[in-house]
Number of protein chains: 2
Amino acid sequence: MERSTRQRRAIREAFLEAGRPLSPQEVLELARKKVPSLGLATVYRTLKGLVEEGFLTPVALPGEPSRYEPAGKGHHHHFLCRLCGRVYELLGCDLALEGPLPPGFLAEGHEVMVYGRCPECT
Amino acid sequence: MERSTRQRRAIREAFLEAGRPLSPQEVLELARKKVPSLGLATVYRTLKGLVEEGFLTPVALPGEPSRYEPAGKGHHHHFLCRLCGRVYELLGCDLALEGPLPPGFLAEGHEVMVYGRCPECT
DNA sequence: AGCAAGTTGAGAAGAAGTTTTCATCGTGGC
DNA sequence: GCCACGATGAAAACTTCTTCTCAACTTGCT
């Protein structure tokens, strides 16, 4: 059976409190505020479990370690701050794409990444 | 001084003939048709050189090894075939984004990846 | 409280892509 | 054609991220 441990609670809370996609390293740092002894292996194990159980979904980015965010949000995209490396969620999607493709191509989905500076790094 | 070798010519030609972004592995396979003894280390060395000299630019994608494409093209995006893994260039950019950002965010650029099936994989 | 079984932390190990090492080869200037 | 020096190929090493191992610890049930 799956147990509720201090570590798992701390990791879940980290996501709810951060309100943005987190990398395993960020999860480690945030959750250590509550459970200082927390190890990286536990973070990875727990992330894996939370993805399988449907609480989180992975967010893949080019040349960066994956982030994770609470699942169940609608279609949206992300913003990566070039200074601090934090990822934020962008609500909605204005992309009217998936029409002007060359013949023979069939679109099944898309990802948009916006790069720039976040409010913290102005 | 920088020499013109069979290997480097083969790698350059691979890009001109492929007409799409190539991964180091793809470069190896294509260029080996002309220089069968070609090694992966040479591919990486040459790619690095071609990027520095401005002939190629890297194309980073989420969870995939970087592709490279001839530099100097205008702003455009890419299509990744989920079956064969090939990347194609999409001309133009319909993205009217970079306006509806939350306050405090400053956009400096963006990337769009479209996923689906390419003509080869229908 | 007692205990079986799941969980944890630290370090080792693994995976995947990229770079370095080094002996040998090839290019281009003379 | 000669030769210095850059380039090559194969394998080892390296990076970065992720997973595994295992002894020690917790949790949840009784």
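Per chain, numbering begins at 1; letters A, B, ... match sequence-line order.
Note on A:Thr5: every side-chain N or O is 4.0 Å or more away from OP1 and OP2 of C:dT7. The phosphate of C:dT18 (OP1 or OP2) has a side-chain N or O of B:Tyr44 nearer than 4.0 angstrom. Using a 4.0 Å cut-off, some side-chain N or O of B:Arg8 falls inside it from OP1 or OP2 of D:dA7.
In this structure, the side chain of B:Arg82 does not engage the main chain of B:Tyr115 through any donor-acceptor pair within 3.5 Å.
When distances are taken from the side chain of B:Arg45 to each of D:dG9, D:dT27, C:dG28, the shortest belongs to D:dG9. Among D:dT19, D:dT8, C:dT18, the nucleotide with an atom closest to any side-chain atom of B:Gln7 is D:dT8. Side-chain proximity of A:Leu40 to the nucleotides D:dT8, D:dG28, D:dT18 is greatest for D:dT18. Side chain of A:Leu38, nearest nucleotide from C:dG9, C:dG17, D:dG9: C:dG9. The side chain of A:Ser66 lies closest to D:dT18, out of D:dT18, C:dA10, C:dT27. Side chain of A:Arg3, nearest nucleotide from D:dT27, C:dT18, C:dT8: D:dT27. Candidate nucleotides D:dC17, C:dG9, D:dA11 were compared by shortest atom distance to the side chain of B:Ala41, and D:dA11 ranks first.
Below 30°, between 30° and 60°, or above 60°: for B:Phe105 and A:Phe79 the angle between ring planes is above 60°, a perpendicular geometry.
The distance between atom CD of B:Glu64 and atom C1' of D:dT16, rounded to the nearest whole Å, is 17 Å. Computed from coordinates, the A:Leu28 CG to D:dT18 P distance equals 13 Å when rounded to whole Å. Put simply, CD on A:Glu52 is 14 Å from C1' on D:dT18, counting in whole angstrom units. Note: CZ (B:Arg6) to C1' (C:dT27) measures 11 Å, nearest angstrom. Going from atom CD of B:Gln25 over to atom C1' of C:dG17 covers 10 Å, rounded to whole Å. Separating the CG atom of A:Leu47 from the C1' atom of D:dT19 is a distance of 13 Å, rounded to the nearest angstrom. Distance CD (A:Glu26) to P (D:dT18): 12 Å, rounded to an integer number of Å. Between the C1' atom of D:dC29 and the CD atom of A:Glu2 lies a distance of 17 Å, rounded to the nearest Å.
Take A:Leu106 and apply the side-chain contact (heavy atoms from CB on, under 4.5 Å) test, not counting sequence neighbours, and it matches B:Arg117.
Checking B:Lys48 against A:Thr42, the closest nucleotide of DNA chain C that is more toward the 5' end is the one next to A:Thr42.
One finds no salt bridge joining B:Lys33 and B:Glu17 here, because no Lys/Arg side-chain nitrogen approaches an Asp/Glu carboxylate oxygen to under 4.0 Å.
A 4.5 Å side-chain heavy-atom check between B:Cys81 and B:Glu120 finds every atom pair outside the cut-off.
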